[in-house]
A.B. asks: 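This is the structure, below, for whatever I ask next.
Remember, it's 1-based here, ligands and their atoms both numbered in the order they're listed.
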Amino acid sequence: MKDKIAVFWFRRDLRLSDNSGMRAALQSGFPVLPIFIFDPKILGKLTDKYDKRVDYIHQALQALQEDLLAAGGDIRVFHAEPLSVFAALHKEYDIASVYASRDYEPDAIKRDSEVEKSLKDRGISFVTVKDQVIFERDDILKADGTPYTVYTPYSRKWKEKLEDKDYRAAIMKTDHLLPLKKKALPRLEDIGFKKTDIAFKRPRLDATIIDDYGENRDFPAKDHTTRLGIALRFGTISVRACVRFALKHNGTWLNELIWREFFMQILAHFPKVVDTCFKPQYEHIKWRNNEKEFDLWCAGKTGYPLVDAGMRQLNETGFMHNRVRMVTASFLTKHLLIDWRWGEAYFATKLLDYELSSNNGNWQWAAGCGCDAAPYFRIFNPSAQTKKFDKDLAYVKEWNPDFESLEKEPIVKHEFARDRALKVYKQALNKNKES
Ligand SMILES: Cc1cc2nc3c(=O)[nH]c(=O)nc-3n(C[C@H](O)[C@H](O)[C@H](O)COP(=O)(O)OP(=O)(O)OC[C@H]3O[C@@H](n4cnc5c(N)ncnc54)[C@H](O)[C@@H]3O)c2cc1C
């Protein structure tokens with residue numbers, strides 16, 4: 001008879017330390033087999049075979065494998081549909097339970113419920129554990145049990161509710177890993193992708209950035225933000241470690257981590273936001289959706305130096321500074337009157353730190369149609385934003401050195417675009433009053 005084992009399925013928690021899902025698996029008492037699955041359904045949606053995020057995951061798995069080998073185990077990495085992976089594992093092992101850290105995106109919830117059902121049919125339990133957030137969907141609710149849709153009261157309640165236990169490290173003994181013969185990971189080429197120039201570094205909380213984050217974070221040329229977005233996305237850093245650090249070092253940075261959870265709970269409570277406006281009346285907006293103008297925006301050729309610098313930074317590196325993300329998103333939706341969904345989809349293909357809930361929430365914020373959004377009449381003037389946040393043009397010059405020749409012919413004049421946006425937004429909102 002085979003000995004019973006537990007399986008730990010790594011997904012968006014690619015680390016061995018402070019991993020509450022893995023800790024739960026190790027506490028099961030059964031030897032733990034760690035696995036990761038490259039799901040062809042997810043990878044198939046990525047058209048660029050030089051996707052840096054896939055390369056990042058691949059390198060993070062190598063680091064994870066080193067840690068697991070040092071702890072006396074290893075990892076098995078598959079490239080197949082999860083249901084077929086578990087069917088094959090079921091033949092090879094006597095599995096008591098499969099453990100995983102909880103995932104909150106609509107597609108992940110659907111996948112997990114299919115996996116749970118199929119495991120249950122084989123008599124295997126599927127145990128998911130909170131790891132990706134401090135507070136999930138129903139942890140922070142209003143007194144009447146409904147979700148918060150405004151950030152400030154949400155963050156107040158989040159802070160009131162926070163106790164040591166919520167951010168304590170998930171410490172574990174790794175002596176329960178299933179001994180495995182070392183096996184090389186599949187190569188990127190084996191899963192249909194190519195090596196890129198991204199270099200995985202183990203994420204680190206840097207006091208020299210976080211201590212004076214509040215004073216510097218808004219100036220793109222200073223590059224004074226942590227760049228931990230990708231690490232939070234794929235769980236190569238623990239959010240509990242971030243919160244412990246933020247509590248000691250900087251309240252403004254803590255607020256950013258709360259924004260992340262705010263949008264996650266919005267997506268969890270209102271999954272319709274994936275493709276519709278949080279505020280339905282904004283569906284009446286008559287977007288112009290000019291494809292030529294969209295292409296110019298994507299390429300960083302609008303003639304507005306800050307907008308173009310941001311788009312070029314994004315295209316070249318997969319990152320764009322938050323201030324500039326706000327300006328470029330406002331420009332697309334308000335100056336060009338292009339549907340926020342187009343911009344959101346473009347960012348999703350490019351951002352290394354792409355996170356459905358944050359991208360969606362922030363795009364809806366910029367377009368004015370989100371839960372706690374910028375009012376429709378707040379239209380960033382890209383030139384005023386440049387004067388305020390990049391007055392020496394250091395950021396513009398870095399990413400958009402030919403800006404002077406382009407600036408002569410901007411895609412649209414600010415005053416004209418502003419008036420047009422106000423008119424179109426007002427029309428949409430009035431239509432709603434009439435109907
Ligand atoms: C149009 C638009 C699209 C965006 N798309 C994404 C996205 O796909 N993924 C993403 O993580 N963030 C997104 N953001 C939010 C923000 O721009 C990035 O989180 C931030 O720029 C990442 O840089 P950093 O890692 O240096 O973060 P820091 O400034 O060091 O902040 C630390 C972490 O806090 C979280 N955070 C910070 N600001 C926000 C915010 N406004 N909303 C939600 N979480 C936040 C992120 O996890 C971030 O990594 C978007 C913002 C805008 C305006």
A.B. asks: Between W363 and ligand 1, does any nitrogen or oxygen pair lie at a separation below 3.5 Å?
C.D. replies: no
A.B. asks: Just to confirm my output: which protein heavy-atom neighbour is closest to atom 8 (O) of ligand 1, and how far is it?
C.D. replies: E355 N, 3.0 Å
A.B. asks: R420 and side-chain contact (heavy atoms from CB on, under 4.5 Å): which single residue from R288, E415, K334, H335 fits?
C.D. replies: R288
A.B. asks: Does an N or O from G229, backbone or side chain, lie closer than 3.5 Å to an N or O of ligand 1?
C.D. replies: yes
A.B. asks: Only one of I237, I209, D206, L257 forms a side-chain contact (heavy atoms from CB on, under 4.5 Å) with L228, so which one is it?
C.D. replies: I237
A.B. asks: Number the atoms of ligand 1 from 1 as they appear, then name those within less than 4.0 Å of a heavy atom of R260, with their elements.
C.D. replies: 43 (C), 44 (N), 47 (O)
A.B. asks: Between the side chains of Q132 and D13, does any donor sit under 3.5 Å from an acceptor?
C.D. replies: no
A.B. asks: Just to confirm my output: which protein heavy-atom neighbour is closest to atom 40 (C) of ligand 1, and how far is it?
C.D. replies: N362 ND2, 3.7 Å
A.B. asks: Please work out whether the ring planes of H249 and F245 are parallel, tilted or perpendicular, with thresholds of 30° and 60°.
C.D. replies: parallel
A.B. asks: What do the steps show when you test D55 against K195 for salt bridge (charged side-chain N to carboxylate O under 4.0 Å, His left out), and what is the final call?
C.D. replies: CA-CA 6 Å; D55 194 0; K195 189 90 201 96; 3.0 Å; yes
A.B. asks: May I ask you to identify, for F263, whether its side chain, its backbone, both or neither come under 4.0 Å of ligand 1 on a heavy-atom basis?
C.D. replies: side chain
A.B. asks: Once you restrict to heavy atoms under 4.0 Å, what part of T225 touches ligand 1? Side chain, backbone, both or neither.
C.D. replies: both
A.B. asks: Checking the side chain of E261 only, and the main-chain atoms of E136 only, is there a donor and an acceptor separated by less than 3.5 Å?
C.D. replies: no
A.B. asks: Please check if the distance between the ring centroids of F36 and F78 is under 6.0 Å.
C.D. replies: no
A.B. asks: Between F219 and F389, how do the two ring planes meet: parallel, tilted or perpendicular, split at 30° and 60°?
C.D. replies: tilted
A.B. asks: What protein heavy atom lies closest to atom 13 (C) of ligand 1? Include the residue and the distance to one decimal.
C.D. replies: R325 NH1, 3.3 Å
A.B. asks: With atoms numbered from 1 as shown, which atoms in ligand 1 lie under 4.0 angstrom from a non-hydrogen atom of F319?
C.D. replies: 23 (O)
A.B. asks: With a 4.0 Å cut-off on heavy atoms, is W253 in contact with ligand 1?
C.D. replies: yes
A.B. asks: If you measure from each non-hydrogen atom of L232 to ligand 1, which part falls under 4.0 Å: side chain, backbone, both or neither?
C.D. replies: side chain
A.B. asks: Using the six-membered ring wherever Trp is involved, compare the ring planes of F347 and W297 and label them parallel, tilted or perpendicular (cut-offs 30° and 60°).
C.D. replies: parallel
A.B. asks: Do me a favour and list the nearest non-hydrogen protein atom to atom 38 (N) of ligand 1 with residue, atom name and distance?
C.D. replies: E256 OE1, 2.9 Å
A.B. asks: Does a donor on one side chain sit under 3.5 Å from an acceptor on the other, for E355 and N359?
C.D. replies: no
A.B. asks: Backbone, side chain, both or neither: what part of Y213 comes under 4.0 angstrom of ligand 1, heavy atoms only?
C.D. replies: side chain
A.B. asks: Does the ring of W158 carry R156 above it, NZ/CZ under 6.0 angstrom from centre and within 45° of its axis?
C.D. replies: no
A.B. asks: Compare every heavy atom of N250 with every heavy atom of I210, then report the nearest pair and how far apart it is.
C.D. replies: O-ND2, 2.9 Å
A.B. asks: Tell me the protein heavy atom at minimum distance from atom 43 (C) of ligand 1, and give that distance in Å.
C.D. replies: S358 OG, 3.5 Å
A.B. asks: Who's the nearest protein heavy-atom neighbour of atom 22 (C) of ligand 1, and how far?
C.D. replies: D353 OD2, 3.5 Å
A.B. asks: Check whether the ring centres of W342 and Y346 lie less than 6.0 Å apart, and answer yes or no.
C.D. replies: no
A.B. asks: Under a heavy-atom criterion of less than 4.0 Å, does M326 contact ligand 1?
C.D. replies: yes
A.B. asks: Check this for me - ligand 1, W259, N or O atoms closer than 3.5 angstrom, yes or no?
C.D. replies: no
A.B. asks: Verify the contact flag for atom 30 (O) of ligand 1, where contact means a protein heavy atom under 4.0 Å away.
C.D. replies: yes
A.B. asks: Looking only at protein heavy atoms, which one is nearest to atom 24 (P) of ligand 1, and how far off is it?
C.D. replies: R227 N, 3.5 Å
A.B. asks: In terms of residue, atom name and distance, what is the protein heavy atom nearest to atom 16 (C) of ligand 1?
C.D. replies: N322 OD1, 3.3 Å
A.B. asks: Can you check whether Y354 has an N/O within less than 3.5 Å of an N/O in ligand 1?
C.D. replies: no
